[in-house]
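Contents: one structure, followed by commentary.
Reminder, nothing fancy here: chain letters follow the sequence lines and each chain counts from 1.
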Amino acid sequence: MHTSLNKKALLVALVVTLACVVISFYGSRKLQNFDPALIAYLFGTLFALFGGIYRYCVWLQRPPTWMYFRRTWQFVFSGSFFVHLYYLAADSVKNLLFQRFIYPRGKKRWIAHFLLATGCMAAFAITIPLTLGWINFTLDPATALDPGTTRLYYANFFGFQVMSFKLGSVMAFLIFHALTWCSWLVIAGAVFFMVRRMTNAGLIATQTFEGDLLPLILLIIISVTGLGLNYSYAFMKGMAYDFMAVTHAISVILFLVWIPFGKFFHIIQRPAQIGAHIYKKEGMKRGMAVCPHTGQAFATQLHVDDLKTVTQQLGFDFTLENGSSHLDFSPEGKRSLLAKAHLQARQEGGNLFG
Amino acid sequence: MEVTAYKTDMEFFVDMQRCIGCKACEMACAECETNGHQSMIHVNYVERAVSIQTTVQVCMHCDDPVCARVCPADAISKDDFGVVHSANTARCIGCSNCVMACPFGVPIKEEKYDMMMKCNMCYDRTSAGKKPMCATVCPSQALFYGTREEISRMRPNSTPVNTFIFGQQTVTTKVNIMMPKGSTHLKVH
Ligand code: SF4
Ligand code: SF4
């Protein structure tokens with residue numbers, strides 16, 4: 001069963017990667033707009049895409065993940081579709097773009113994570129289309145030849161001109177330095193987390209080097225060498241350019257290749273949180289489960305019922321002799337039942353304490 | 001989690017009949033660095049309307065943890081010592097699957113953080129060879145952390161049990177519960 005499941009993931013990953021190659025081939029106008037200097041990055045990106053999709057599909061096939069995935073889309077497409085769509089969009093902006101859920105965990109933590117995430121996401125949005133040749137910049141030939149005029153640049157998407165800006169304009173400054181801004185954001189966020197991980201006793205006890213520290217170190221190396229590349233020729237007459245170019249390439253490719261497996265996979269996983277919100281919201285509409293022990297509502301009936309299915313798929317069976325289930329009880333009910341059973345055993349043993 | 005001084009001869013022994021509901025463990029639990037100073041241990045009345053019996057519950061650190069298996073985000077992991085760790089903050093999506101599926105009612109969904117938190121046996125302390133906070137303060141020794149020799153000397157008429165039966169399901173755990181001498185399991189329900 002397991003191999004056949006992973007074949008599915010392999011197939012999906014292959015199809016998506018091939019589709020991306022085809023789109024990029026035509027999007028770059030049969031490689032005309034493709035920047036050969038980025039070839040190593042291209043392979044890194046394609047691998048990350050392949051690995052990411054593969055891992056995502058394997059992950060989706062786990063019974064609890066699949067349950068949430070299935071339910072989310074089932075709810076989105078049932079009833080008032082646009083209301084759901086609005087909720088989906090609003091919740092995504094709040095929790096994916098702004099990571100609002102981190103704020104209560106710590107204000108500084110949120111600021112740092114927001115900087116780090118914004119820097120990373122913006123950098124992805126810029127570099128991936130550039131690497132795949134979807135975006136390129138061209139110089140207007142007329143202004144290029146005439147020394148008296150300011151040079152005019154065109155930004156093209158899939159070979160179609162989408163905007164133009166003058167060299168030396170604010171727009172040009174922002175666009176050509178976009179990755180610089182991203183680097184500073186990432187450095188600020190990553191340094192904060194690095195300090196936190198080195199000083200917080202709880203984190204020190206539970207973190208691992210490769211799981212928690214290495215990702216931060218990698219992000220810092222990427223950003224610092226990226227900045228270095230830029231500043232090397234802007235202010236330092238090209239000093240150490242080659243060294244930084246190589247270090248930058250290696251660290252970026254490591255990062256890309258690692259996305260599907262390590263800490264960075266949480267970026268791909270996080271949208272599931274939106275699904276969990278929809279699941280709870282829809283479940284509440286359908287009714288709450290009441291604990292037979294405490295007599296209180298404690299979860300949605302949908303959740304309790306789905307968990308019975310999921311636990312059975314995973315090989316657990318909490319069915320009781322009377323046909324009900326241990327999962328029908330709330331957490332407090334479960335703790336009390338255990339205590340009651342323990343008291344009874346003690347009483348039967350003839351001694352309360354022993 | 002890399003270099004540790006975890007003592008494998010030390011174990012957790014719980015006897016909820018000894019719980020007097022003083023909640024000293026709750027206070028102590030909030031001292032644990034790994035929970036961000038939030039108490040994770042449960043002390044509750046069993047059936048307040050008819051009895052003053054209280055019970056105490058720590059994570060039992062199951063051999064095959066249901067919480068981890070039902071987690072859609074792979075946020076819960078068990079380490080080489082058998083300690084089942086609290087949710088990975090980057091991964092947990094706050095779905096509460098673990099909260100509802102744990103047969104012992106242990107994990108807590110922190111609504112404000114949209115995340116699950118639970119007892120990890122004071123990993124900051126146990127990984128340094130110390131005892132969990134709750135066990136160091138419990139005045140009635142409902143919570144005891146030590147070696148098997150120590151507990152058998154202290155409780156000659158009891159046997160540590162780590163097998164629990166919930167209907168069709170048998171669950172075995174790292175944490176023990178003290179039962180009448182000769183018991184092999186605790187049947188709940
Ligand atoms: S007692 Fe509950 S929370 Fe602890 S390991 Fe077992 S299933 Fe997980
Ligand atoms: S609440 Fe978090 S740790 Fe618990 S099952 Fe859901 S994602 Fe996993």
Region of [X] in contact with chain B, defined by heavy-atom distances below 4.5 Å:
X: Ala276(A); answer: side chain
X: Leu314(A); answer: both
X: Lys308(A); answer: neither
X: Trp59(A); answer: side chain
X: Phe298(A); answer: both
X: Tyr68(A); answer: side chain

Residues in side chain to side chain contact (heavy atoms under 4.5 Å, CB included) contact with Ile111(A), at least two apart in sequence or another chain: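 Once residues adjacent in sequence are excluded, the partners of Ile111(A) under the side chain to side chain contact (heavy atoms under 4.5 Å, CB included) criterion are Leu115(A).
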Identify the heavy atoms of [X] and [Y] that sit nearest to each other, and give their distance.
X: Ala101(B); Y: Leu307(A); value: N-CD1, 4.0 Å
X: Gln269(A); Y: Ile93(B); value: O-CG2, 4.4 Å
X: Met100(B); Y: Pro331(A); value: SD-CD, 4.3 Å

[X] portion near chain A, given a 4.5 angstrom heavy-atom threshold:
X: Ile177(B); result: side chain
X: Gln38(B); result: neither
X: Cys92(B); result: backbone
X: Cys102(B); result: backbone
X: Cys71(B); result: backbone
X: Asp64(B); result: both

Residue-level contacts of residues 90-105 of chain A with chain B, using a heavy-atom cutoff under 4.5 Å: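 Within residues 90-105 of chain A, near chain B: Phe101(A), Pro104(A), Arg105(A).
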With Arg70(A) via salt bridge (Lys or Arg N to Asp or Glu O under 4.0 Å) - residues at least two apart: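 Scan of Arg70(A) (salt bridge (Lys or Arg N to Asp or Glu O under 4.0 Å), adjacent residues dropped) gives none.
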Residue selection (most heavy-atom pairs with chain B, distance under 4.5 Å) from Gln313(A), Gln273(A), Lys263(A):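 Looking at each option in turn, the highest pair count goes to Gln273(A).
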Top contributor to chain B interface from Phe265(A), Phe318(A), Phe69(A) [non-hydrogen pairs under 4.5 Å]: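 Heavy-atom pairs under 4.5 Å are most numerous for Phe318(A).
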Does [X] reach the main-chain N or O of [Y] with its side chain, forming a donor-acceptor pair under 3.5 Å?
X: Arg270(A); Y: Ala90(B); result: yes
X: His293(A); Y: Val46(B); result: yes
X: Lys187(B); Y: Ala341(A); result: no
X: His326(A); Y: Gly167(B); result: no

Return yes when atom [atom1] of [X] has more than 12 non-hydrogen atoms of other residues, nucleotides or ligands closer than 6.0 Å, and no otherwise.
X: Lys107(A); atom1: NZ; result: no
X: Lys285(A); atom1: NZ; result: yes
X: Asn322(A); atom1: CG; result: yes
X: Met288(A); atom1: CE; result: yes
X: Glu321(A); atom1: CD; result: no
X: Lys280(A); atom1: NZ; result: no

Which one of [options] has the most heavy-atom pairs closer than 4.5 Å to chain A?
options: Asn157(B), Thr34(B), Val66(B); result: Val66(B)
options: Tyr45(B), Phe164(B), Phe104(B); result: Phe104(B)
options: Val106(B), Val56(B), Thr89(B); result: Thr89(B)
options: Arg125(B), Arg69(B), Glu110(B), Lys181(B); result: Arg69(B)
options: Cys122(B), Gly36(B), Ser96(B); result: Ser96(B)
options: His189(B), Arg18(B), Arg91(B), Arg155(B); result: His189(B)

Between the side chains of [X] and [Y], does any donor sit under 3.5 Å from an acceptor?
X: Asn120(B); Y: Thr206(A); value: no
X: His277(A); Y: Asp114(B); value: yes
X: Asn97(B); Y: His303(A); value: yes
X: Arg335(A); Y: His42(B); value: yes
X: His342(A); Y: Gln17(B); value: yes

Distance (rounded to the nearest 0.5 Å) between [X] [atom1] and [Y] [atom2]:
X: Asp79(B); Y: Thr208(A); atom1: CG; atom2: OG1; result: 12.0 Å
X: Leu327(A); Y: Phe166(B); atom1: CG; atom2: CZ; result: 10.5 Å
X: Arg48(B); Y: Ser336(A); atom1: CZ; atom2: OG; result: 12.5 Å
X: Phe316(A); Y: Gln168(B); atom1: CZ; atom2: CD; result: 14.5 Å
X: Glu332(A); Y: Thr55(B); atom1: CD; atom2: OG1; result: 10.5 Å

Name every donor-acceptor pair, under 3.5 Å, that has one atom in a side chain of residues 343-354 of chain A and the other anywhere in the protein, sequence neighbours excluded.
residue   : atom : partner   : partner atom : Å
Gln344(A) : NE2  : Glu348(A) : OE2          : 3.1
Arg346(A) : NH1  : Phe353(A) : O            : 3.4
Arg346(A) : NH1  : Ser158(B) : OG           : 3.1
Arg346(A) : NH2  : Phe353(A) : O            : 2.9
Arg346(A) : NH2  : Asp15(B)  : OD2          : 2.8
Arg346(A) : NH2  : Ser158(B) : OG           : 3.2
Arg346(A) : NH2  : Met178(B) : O            : 3.3
Asn351(A) : OD1  : Phe353(A) : N            : 3.3

Short N-O contact, Asp74(B) and Arg55(A), less than 4.0 angstrom: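 Yes.
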